[in-house]
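Both backbone and side-chain heavy atoms feed into the values below; hydrogens, waters and symmetry mates do not.
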Amino acid sequence: MSYNIKSGIKAWAEDDRPREKLLNKGKQSLSDAELVAILIGMGTREMSAVELSKLILQSTANNLNELAKLSVKELMKFKGIGEAKAISIVAAMELARRRKDTDPLKKDKIKYSKEAYNFLKPYMMDLDHEQFWMICLNRNQEVTKTIQISTGGVTGTIADPKIIFKHALENLSSCIILSHNHPSGNLNPSQADITLTKQLTDGARLLDMTLSDHIIFANDGYYSFADQNML
């Protein structure tokens with residue numbers, strides 16, 4: 001069978017192309033052959049990358065453990081698999097093997113204001129100007145991302161709610177903790193701090209998430225809006 005562009009991957013429905021399918025439907029929707037095809041990138045004039053991947057997998061009884069045993073030279077015996085493509089497959093199989101030997105990353109959990117304060121120390125200790133930070137958490141109160149929202153001068157910095165909620169939504173946050181520092185060491189919230197916290201508390205509720213706390217950070221202590229029932 002002759003092979004041309006019309007009969008190749010480019011002619012397939014977009015959702016059936018491996019890369020597009022991964023983007024649109026998620027990595028779990030791809031078959032083993034489609035995943036290997038992404039590593040290969042291109043097939044030959046006679047067969048697509050997916051067809052070539054199926055041929056390689058058939059030679060290993062469709063067993064990924066057996067595929068992982070193939071060397072670069074053995075993979076290069078397949079027409080259309082050059083050294084670069086063979087190396088990509090071997091490298092991917094080796095990463096998969098190493099993953100099995102790696103313990104899952106343990107995420108920090110934050111349940112109380114003291115834990116939030118201690119978590120923020122590496123980011124906010126000894127600053128001589130104001131910064132505004134946020135911590136994104138999942139439903140288990142595990143930290144998923146720590147983000148600097150803004151930096152300012154000695155007496156203030158700007159925290160834009162649109163930017164805060166943009167980051168929260170991008171990280172699929174269930175809870176967020178906010179913090180800004182007072183270089184002077186004064187832990188009393190300003191009226192602007194109180195107004196902003198109320199706005200962010202109300203906004204979080206509308207987005208089905210929770211503002212768990214707003215910490216005013218100083219080197220020798222902190223003020224917690226949650227502890228003071230100010231949320």
Side-chain angles (χ1 to χ4, degrees), residues 23 26-28 95-96 98-231:
L23 289 172
K27 58 189 178 183
Q28 295 86 355
L95 278 174
R98 293 184 187 185
R99 181 189 175 190
K100 293 179 181 178
D101 299 330
T102 304
D103 294 329
L105 184 65
K106 187 176 180 180
K107 296 180 179 179
D108 292 295
K109 272 192 175 185
I110 298 177
K111 293 183 178 180
Y112 307 107
S113 60
K114 184 68 173 177
E115 293 172 336
Y117 176 69
N118 288 332
F119 179 85
L120 289 162
K121 280 183 178 179
Y123 301 95
M124 305 182 76
M125 200 74 173
D126 298 325
L127 292 175
D128 60 1
H129 59 282
E130 281 202 17
Q131 290 187 358
F132 201 103
W133 287 77
M134 72 179 290
I135 305 170
C136 299
L137 304 103
N138 60 24
R139 291 190 181 278
N140 295 324
Q141 296 178 296
E142 296 171 329
V143 176
T144 58
K145 196 77 178 275
T146 308
I147 304 163
Q148 182 180 324
I149 298 298
S150 63
T151 185
V154 175
T155 59
T157 187
I158 297 172
D160 188 337
K162 295 189 293 295
I163 299 298
I164 290 170
F165 289 126
K166 175 179 178 289
H167 285 299
L169 291 169
E170 286 176 348
N171 288 282
L172 301 177
S173 306
S174 294
C175 309
I176 57 174
I177 295 172
L178 303 175
S179 181
H180 75 281
N181 64 311
H182 284 178
S184 66
N186 178 13
L187 292 176
N188 294 320
S190 67
Q191 187 55 51
D193 294 336
I194 295 170
T195 300
L196 176 64
T197 303
K198 185 179 186 311
Q199 290 175 343
L200 294 170
T201 300
D202 293 341
R205 287 197 192 102
L206 291 173
L207 296 171
D208 194 29
M209 65 179 69
T210 303
L211 174 58
S212 297
D213 207 345
H214 182 178
I215 302 287
I216 296 177
F217 186 102
N219 286 347
D220 56 357
Y222 66 96
Y223 178 96
S224 163
F225 277 77
D227 290 352
Q228 299 300 322
N229 296 315
M230 295 280 285
L231 297 178

- Query: Does any non-hydrogen side-chain atom of Ile215 lie less than 4.5 Å from one of Ser113?
  - Reply: yes
- Side-chain (Asn171) to main-chain (Ser173) donor-acceptor, under 3.5 angstrom: no
- For the residue pair Lys145 and His167, establish whether any side-chain heavy-atom pair is separated by less than 4.5 Å. no
- Query: Is there a donor-acceptor pair under 3.5 Å between the side chain of Thr210 and the backbone N or O of Cys175?
  - Reply: no
- Any chance you could measure Met124, atom CE, to Gln131, atom CD, to the nearest 0.5 Å? 6.5 Å
- Query: Do Cys136 and Ile147 have side-chain heavy atoms sitting under 4.5 Å apart?
  - Reply: yes
- Is Lys121 atom NZ crowded by more than 12 heavy atoms from other residues, nucleotides or ligands, each under 6.0 Å away? yes
- Query: Do the non-hydrogen side-chain atoms of Met230 and Thr201 ever get within less than 4.5 Å of each other?
  - Reply: no
- Closest contact, heavy atoms only, Phe217 versus Ser179: CB-OG, 3.9 Å
For residues 105-112, please give each side-chain donor-acceptor pair under 3.5 Å, one per line with the distance, not counting sequence neighbours.
none

- Task: Give me the ring orientation class for Trp133 and Tyr123: parallel if the planes are under 30° apart, tilted from 30 to 60°, perpendicular past 60°.
- Result: tilted
- Nearest heavy-atom approach of Thr197 to Leu231 is CG2-CD2, 3.5 Å
- Please name the residue in the list Leu207, Ile164, Ile135 that meets the side chain to side chain contact (heavy atoms under 4.5 Å, CB included) test with Ile176. Ile164
- Query: When you measure from the side chain of Asn181 to the backbone N and O of His129, does any donor-acceptor pair fall under 3.5 Å?
  - Reply: yes
- Item | Smallest separation among heavy atoms of Pro161 and Leu196, with atom names | CG-CD1, 4.2 Å
- Item | Residue pair Glu170 / Lys166, side-chain heavy-atom distance below 4.5 Å | yes
- Geometric class of the His180/Phe132 ring pair [parallel <30°, tilted 30-60°, perpendicular >60°]: parallel
- Under 3.5 Å, side chain of Asn138 to main-chain N/O of Asn140, donor-acceptor pair present? yes
- Establish, yes or no, whether a centroid distance under 6.0 Å links the rings of Phe225 and Tyr223. yes
- Message: Using every non-hydrogen atom in the two residues, find where Phe165 and Leu200 come nearest and quote the distance to one decimal.
- Response: CZ-O, 3.4 Å
- Please check if the side chain of Asn219 supplies one atom and the backbone of Asp126 the other of a donor-acceptor pair under 3.5 Å. yes
- Message: Can a donor-acceptor pair be found, under 3.5 Å and without considering hydrogens, that links the side chain of Asp213 to the backbone of Ile177?
- Response: no
- Task: Find the distance between CG (Asp220) and CE (Met125) and round it off to the nearest 0.5 Å.
- Result: 8.0 Å
- Smallest separation among heavy atoms of Asn188 and His182, with atom names: O-CE1, 3.5 Å
